[in-house]
Every structure is written in C-alpha cells, then in structure tokens.
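Everything on this sheet refers to the single structure shown next.
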Amino acid sequence: GGMGLLGMGNSNARTYVAGDTGVTFEDVAGVDEAKAELQEIVDFLKHADKYVKLGAKIPKGVLLVGPPGTGKTLLAKAIAGEAGVPFFSISGSEFIEMFVGVGAARVRGLFEQAKQQAPCIVFIDELDALGKSRSSANSPMGGNDEREQTLNQLLSEMDGFASNTGVILLSATNRPEVLDPALLRPGRFDRQIVVDRPDKSGRQAILLVHARNVKMSNDVDLLKLAARTPGFAGADLANLVNEAALLAARHDRVAVTMSDFEEAIERILTGLEKKSRVLNEIEKETVAYHEVGHAIVGSLMPGSGSIEKISIVPRGVAALGYTLQLPQEDRFLMVEDELRGQIAMLLGGRSAEELIMGKVSTGASDDIQKATDLADRYVTIYGMSKQLGPMAFDRSASQFLGGWGNPRRPLSPEVESEIDREVKHLIDNAHHIAGAILAHNQTLLKEVAQVLLEREILDGQQLHDYLDRVAIPPLLSNWL
Ligand code: ADP
C-alpha cells in the first residue's frame with residue numbers, strides 16, 4: 001500500500017505520514033526480547049475487542065529506549081505492519097524553534113486524526129527533544145514556552161483518551177534520563193522497552209536481513225563479519241551491506257565478495273571510531289575480566305540482587321561493558337553490610353584487572369567515583385562509621401538550596417581528616433575483599449571471561465550456573 005500524506009493545513013506535511021508501512025517483524029533482527037514484548041501490542045491492535053470485553057487495560061504509551069540506529073523506528077513500523085493498522089509519526093525535534101502555539105496545535109491535530117483512524121500507531125521519535133525535564137531544560141530566567149506548551153498538550157492528550165480507544169502511542173529516545181518525569185507516570189509512557197545494540201548472533205541475524213536484497217558471492221561468511229563488528233548497531237550493519245555492494249559495483253563484480261565486506265568494514269570503522277569506541281583485542285579482554293569481576297564479587301554480597309546480564313558490547317564512549325543487577329525487591333533501606341558489599345562489587349572490576357592483566361586501565365573510573373561517593377555517604381550522611389558515630393557531616397549540603405534547617409557548622413580540620421581516613425578505610429577494605437574473592441575464584445573468573453569474550457553477552461540461567469559456583473573465601477565472613 002502507498003504512503004498517504006495527511007498533512008495539516010499549511011503545517012509541515014512531513015509530520016504525519018500514515019498508511020501501510022510494509023514493514024514486519026521479519027525485517028527486524030537481533031532484538032528478540034523487544035519483539036517478544038511488543039507482540040502483545042500487535043495482538044491488542046488486531047483483537048481489541050477481546051481485551052475490551054475482558055476489561056484488560058493495555059498500555060497507552062510504550063517508550064523504546066536505546067542508542068541511535070538500533071531499530072526503534074523500524075520496530076514501531078513493524079508493529080503497525082504486523083497489525084495492519086495505520087502509522088502516524090512525528091519527531092520531537094520538529095517542535096524546536098516553532099512559533100508559540102503551533103506545536104500544541106499540531107499535537108492536537110495528530111491525535112484527532114489518530115482517533116478517527118483507530119486502531120492505529122502514533123510514533124513520536126526523539127521524545128527527549130520535546131519532553132526534556134522542565135527544570136533541566138529551562139534557564140532560571142525563563143522557560144522555553146513553546147516546547148513546554150507542546151509537552152503539556154501531549155500530556156493532556158495522553159490523559160484524555162481511554163486505554164481502549166485503540167490508539168497506541170510509541171515513542172523513542174536515546175536519553176531517557178533527561179525526560180520529564182511527568183511523561184513516565186502511570187497512564188502515560190509507563191512501559192519502557194530497551195532496544196540495545198546487538199550481540200554477535202544478533203549482528204549475524206541483522207546482516208542476514210539486509211543480505212536478502214543484494215547478490216552475494218559464496219565466500220561471504222556472515223558469522224565472521226558479525227564477529228568483526230562489535231559495537232555496530234543495526235543501522236551500521238545495513239550501511240555495511242550497502243557499502244560492500246557499492247564497492248562490488250565499483251569493481252565491476254556480479255556479486256558482493258568477502259573482500260568487499262572487509263574493505264567496507266575498514267571504512268565504516270574509521271568513521272565510527274570518532275563517534276564511539278571500537279575495541280581492540282586487549283581492550284576487549286580487559287573489559288571482559290572487569291565485568292566478570294563485578295559479577296563474581298557481587299554474587300557473594302549480602303542483599304545484592306541477582307545479576308541478570310553482563311555485556312561487553314560497547315555502547316558509546318562512556319561504557320565499554322556493563323553488569324546488570326536486578327534488585328530482589330524494592331528497597332527503601334539498606335543496612336551497613338549491604339553498603340559495604342556494594343562498594344566491594346563496584347571495585348570488583350578493578351580488582352579483576354589487577355589480578356589477571358597485571359596492570360589497571362582507566363576503565364574503572366566510573367566505578368571508583370561511585371564507590372567513593374557511597375563510602376562518603378556511609379560516613380557523612382548515614383552515620384555508620386564507628387569512629388565518627390551517628391552525626392551528619394554532609395559537606396555538600398548547601399544552606400541555600402536545602403531550604404530549611406540550620407546552615408551547617410563548618411567542619412574542623414581534624415574532623416575533615418577523620419572523615420577522609422574513614423572513607424579511605426572503607427574503600428581499602430572493600431578493595432581487599434574484592435581481590436580476595438577473585439583470587440579465590442581465579443579459575444572460574446578466567447572461564448567465564450572466555451565465554452563472555454566469545455558470546456559478548458551472558459544472561460539469565462547461563463550466568464546463574466556460573467555464579468552458583470563462586471566459592472566463599474575464608475575471610476569474607478569476618479568482614480561482613
Ligand atoms: P533508530 O530508530 O533506533 O534510531 P532505525 O529504526 O531508524 O533506528 O534504524 C535505521 C535503519 O537501520 C533501519 O531502517 C534498518 O535498515 C536498519 N536497522 C536498524 N536496526 C535494525 C535491526 N534491529 N534489524 C534490521 N535492520 C535494522
């Protein structure tokens with residue numbers, strides 16, 4: 001089916017493109033978890049009455065969170081394609097620098113159209129451009145009226161339709177942390193789905209999708225290409241296939257060969273290195289030991305949740321790998337040994353590097369910052385240090401911003417240095433414990449790191465089977 005243009009008056013016609021997207025879930029690969037979660041939305045759009053009869057509430061708004069080029073827009077289109085419903089889209093950045101009132105009117109118009117065409121999908125790309133937290137986005141001297149009006153209009157539209165009208169709002173952002181919390185309240189974008197960069201087998205699957213459209217020579221090995229492209233998002237892989245085809249054409253070939261792909265990878269890497277990091281082998285190994293170090297130390301710490309995922313798929317300059325730990329339950333209070341355990345887990349990455357690589361990298365800076373902050377809070381805010389006792393020594397609290405209470409009495413130099421000593425003591429102890437746990441489990445550490453290097457992501461049961469084997473070193477029980 002063709003793409004219908006449903007422009008509003010003289011406003012920018014690009015804004016509303018509705019019609020059959022022609023995209024299905026088969027076109028999206030390497031994001032199986034997100035697809036599985038979104039299947040429910042497809043089912044709802046297809047069989048709305050089943051849900052309405054049961055009185056089930058379907059989410060109104062789903063936020064797709066992930067780095068650029070991972071397939072968020074593609075997924076939104078695929079939902080519309082799978083359900084056979086119209087697709088309306090708008091981008092948050094289009095509202096920047098518009099005249100006051102135009103943005104809000106446009107949002108109103110969009111929802112009017114959508115309600116008439118329900119069931120349908122409304123997709124808002126770059127939600128952060130529109131939905132930046134009002135406090136963070138505005139200068140203290142006055143706000144961005146236009147953006148704020150548009151945001152308010154969006155919020156009131158979302159509140160104004162019942163969850164069973166058949167309009168499903170999807171939205172995408174790579175900066176969920178800047179969003180106005182009002183957007184994330186129940187009844188709004190209360191469901192979030194992570195669309196991450198793909199692991200090796202995901203990259204292979206994405207390459208396969210895009211290889212459908214080009215003539216390939218028999219020597220092309222997609223698994224090998226997947227192994228050579230850690231950190232590539234779906235859009236980079238689509239680009240890779242196309243670049244390789246262009247190179248083949250330039251060489252007057254009838255099919256794309258492996259050497260075209262290799263040349264294309266080199267070109268793309270040169271471009272990517274500026275934007276994000278592509279790791280060399282030693283860096284990858286360092287990151288793998290670092291992440292497994294967190295996981296092994298974390299698995300023995302009291303009250304720490306289960307470790308659900310470790311990944312060495314690079315994600316931008318800031319994080320080369322990560323360890324995802326889910327809390328066992330909502331926690332409002334932590335006890336002192338849990339805090340000390342968290343500090344040890346944070347230092348587990350550094351300790352693993354020391355133990356295995358023999359020298360440390362800059363990769364632990366964020367962990368060290370967090371561990372130090374935590375140790376500082378332990379002493380100065382939670383009053384858990386035996387030496388200093390239950391007193392507040394919060395040096396960061398400002399008498400101007402804090403609002404009430406007495407201005408803080410300046411700390412004496414003796415107390416200052418006592419605090420520093422206590423913080424250092426906590427960190428040193430945690431570091432020592434992390435090192436001891438890893439030394440005691442060195443064989444396991446190496447084994448898991450090798451598997452992680454091979455697969456890039458370990459999650460769920462796989463990971464638990466390994467972590468169940470972590471042995472408790474003798475001195476741990478004294479420490480906690
Ligand atoms: P995002 O919205 O996350 O920035 P897009 O959905 O716009 O990314 O992706 C741009 C293009 O990259 C898509 O049209 C598609 O060709 C390719 N692409 C991205 N992710 C995937 C994926 N997971 N599977 C297949 N192709 C993908």
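Just so you know, ligand 1 is whichever comes first in the structure, and atom 1 is the first atom listed for that ligand.
- In this structure a side-chain-to-backbone donor-acceptor pair under 3.5 Å is present from K200 to E454.
- With sequence neighbours left out, R253 forms a salt bridge (charged side-chain N to carboxylate O under 4.0 Å, His left out) with D260.
- The ring pair (Phe, Tyr, Trp, His ring centres under 6.0 Å) analysis of residues 184-220, with sequence neighbours excluded, yields no pairs.
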* R228 and E266: CA distance, side-chain angles, deciding distance, salt bridge (charged side-chain N to carboxylate O under 4.0 Å, His left out) verdict -> CA-CA 10 Å; R228 293 213 33 206; E266 292 309 315; 3.2 Å; yes
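- Enumerated by chain and number, the residues approaching ligand 1 to less than 4.0 Å through a heavy atom are D27, V28, A29, P68, G69, T70, G71, K72, T73, L74, I206, H210, G234, A235, A238.
- In this structure, a donor-acceptor pair under 3.5 Å is absent between the side chains of E148 and N152.
- Partners of K224 according to the salt bridge (charged side-chain N to carboxylate O under 4.0 Å, His left out) rule, which considers only residues two or more places apart in sequence or in another chain, do not exist here.
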